[in-house]
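To start, the structure itself, in C-alpha cells.
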Amino acid sequence: MNPKAPLVSAFGISAGRFSVVGSEAEVRKHVADKSHVVDLHGMTVVPGFIETHSHPSLYAMTLLQVDCYTPPNENVGHVKARIKKLADTAAPGQWIKGWGYDDTLIAEKCHLTLKDLDEAAPRNPVFVSHISGHLAYANSLAFEIAGIDPETPQPEGGEIEKDDLGIPTGLLKEEPAQRLVVRHIPPYTVGKLKDVLQTAITYYHRNGITSTHDAAIGYFRNGSQTIQAYRELEAEGKLDLRIYMTVVEELYREILRSGEAKGFGSNFLKMGAVKFFQDGSIQANTAALSEAYKNKPGFSGELIIRQDTLDELLEGYHKKGIQIAVHANGDRAIGSVLAALEKANLRYPRKDHRHMIIHCQLASKDHIARMKRVGVIPTFFVNHIYYWGDRHVSIFLGPDRAGRIDPVASAVQEGLTFTIHSDLPVTPVDPLSSMHCAVNRMTKENMLLGPEERISPLEALMAYTTYAARCSFEEDIKGSIETGKLADFTVLSDNPLTIAPEKIKDIQVMQTVVGGRVVYECG
Ligand SMILES: [Zn+2]
C-alpha cells in the first residue's frame with residue numbers, strides 16, 4: 001500500500017517496526033545472521049486492518065448480557081425465556097440487560113413490550129437494547145426506578161413511546177430517552193470489563209485487525225471504567241490491539257476539564273475524536289431523512305440536536321483544535337452536520353481537522369462534494385448492504401433510495417478520503433466481508449444493490465489501511481508496509497486484489513501481527 005513500492009516480496013522487522021522493505025535479496029542484505037526468517041510460501045501480506053468505526057468495549061459488554069439476537073431467537077417467546085432463565089436465579093432488584101433484539105427479523109415482527117418484560121422478569125428491572133443501539137426496551141420496575149410514568153415529559157432528541165392512553169409502552173427511542181433508565185444501572189467493574197475486553201481483542205485479531213477506533217466510549221455509560229480498563233490492560237502489557245478512543249461529548253468534556261487527556265499518547269491507546277449523534281438508524285426508523293420512510297408515510301425521522309445548538313457545539317470543539325465525529329445516517333442529518341462544520345470552518349479555518357461523519361448512509365453526490373471541500377472524512381456503513389439491503393428495499397426506503405445507500409464510488413470519483421466499517425456489535429467485525437460488500441454490493445438475498453456504487457478491491461483495501469490511518473492522524477506510522485512504520489500486518493490466504501471479487505469474503509486470515517508480535521495464527 002506504499003504507492004512508491006506497491007508490491008514487494010520481503011521485509012525485515014526490528015524493535016516492532018519495519019526495518020527494511022523490498023526484494024528478498026535486498027532484505028537479506030540488511031538482516032542480521034541470527035534473524036528469525038519466515039517463508040510465507042506465496043501467501044499475501046497486507047498492512048494490518050484498521051477498523052475506523054466499531055465498538056470493542058460495547059461489544060465486550062454485550063458478552064455480559066442476555067443474547068436477544070435473531071438467530072438464535074426465532075420469536076418473542078424465545079427472548080422472554082432467556083430473560084426469565086436469568087431472572088429466576090438473579091437476586092430481586094438486580095438489573096438484567098440484554099442486547100441485539102431485532103423487530104424485523106423476529107417472527108412476530110414487533111417490538112418488545114413492557115408486559116413481555118414484566119412477565120419474563122417480574123422482580124428485576126430489565127433493559128434490552130435493539131440491534132441498532134438506537135432503541136431500547138424496559139420493564140415496569142426499570143421505569144419505576146427511573147421515575148418514568150405517563151406524566152414524564154419527552155426528553156429533547158429522544159422519545160418515551162406512549163400508547164393512545166398515554167401509558168409508556170416500554171420502548172425508548174434514542175440516547176436521550178434511554179439515558180433516563182441507563183443512568184440508574186450500576187456500571188460494570190473495571191475487572192469485569194478487562195476480562196471481556198480481552199475476549200473482544202481476540203475477536204479483532206482473528207479478523208486481521210491491528211487497530212480500531214472505539215467509537216463511542218460512554219454511550220451506555222461505563223465510559224470512565226472502560227478507559228480505566230484499557231489503561232490497566234496496557235500497563236499490564238495485555239493491550240495488543242491499538243485503540244483510538246472516540247468519546248461521547250459529556251465524558252469528553254469531563255476528561256478535558258480534568259486535564260487527563262494529556263496523559264494518553266502511546267501507540268496502543270490514544271484519545272480520539274469527540275462524538276455526537278445527529279440521528280439514529282434507518283432500521284429503527286430514527287434516521288432523519290429528507291423524504292418519508294416507505295413503512296411510515298408522512299414520517300421522516302427527527303434530528304437529535306437542534307441546528308443552532310449543533311452549530312454552537314461543533315464550533316466550540318472545532319476552534320479548540322479537537323477532532324469531531326458525528327453520527328449521521330439520513331440525508332437530512334448529514335446535511336445538518338455538514339452545515340454546522342462548514343460554518344465552523346468558515347469562522348475558524350483549519351486545514352487538517354479530519355472531522356468524520358459516521359455511517360453516512362444516505363449521503364447525496366452534493367454532500368460528497370461538500371465533504372471534499374470542507375475536508376470531512378466519511379466512514380460508510382457498507383455492511384448494511386448485505387445485512388439490511390433487502391429490508392431497505394422492501395420495508396424502510398424502497399428500491400431507489402436503497403440503491404443509493406453507502407455511495408462509496410461517488411466518494412472515489414470525488415477524490416475523497418473515506419473509510420468503510422462494521423459498527424460491531426451492530427454487525428460482525430470482519431474487514432474482508434466489509435470490503436466484499438463495498439466491491440460487490442450484494443444483499444443477503446443475493447440482490448445487486450446500486451451497481452454504480454461498486455468500487456475496486458484496491459479502493460476497498462485502501463479504505464481499511466492507508467485511508468483508515470488518516471482518520472487517527474497516524475499515516476506516518478500505519479496503513480502501509482514501509483520502513484520505519486509499526487510492524488502491524490495481516491497474512492491472508494489469497495490476494496484480495498487478484499482473486500475473483502465475489503470470493504473476497506472467503507479469503508482466510510492466516511496470521512495477525514502487531515508490532516512484530518504474532519497475536520493470531522490460524523489453525
Ligand atoms: Zn457505531
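Just so it is clear, the structure is predicted and the values come from calculations on it, not from any experiment. In listed order, ligands and their atoms are each counted from 1.
With respect to the Zn ion (ligand 1), D423 has OD1 as its nearest N, O or S atom.
Side-chain polar atoms of D423 and N383 form no donor-acceptor pair below 3.5 angstrom.
Side-chain contact between L256 and I322 is present, with at least one heavy-atom pair separated by less than 4.5 Å.
The aromatic rings of Y137 and H111 lie tilted to each other, with the angle between the two planes from 30° to 60°. Between H392 and F396, the two ring planes are perpendicular [angle over 60°; tilted spans 30° to 60°].
Distances from the Zn ion (ligand 1) show that H55 has an N/O/S atom below 2.8 Å. Counting backbone and side-chain atoms alike, H53 contributes an N/O/S atom closer than 2.8 Å to the Zn ion (ligand 1).
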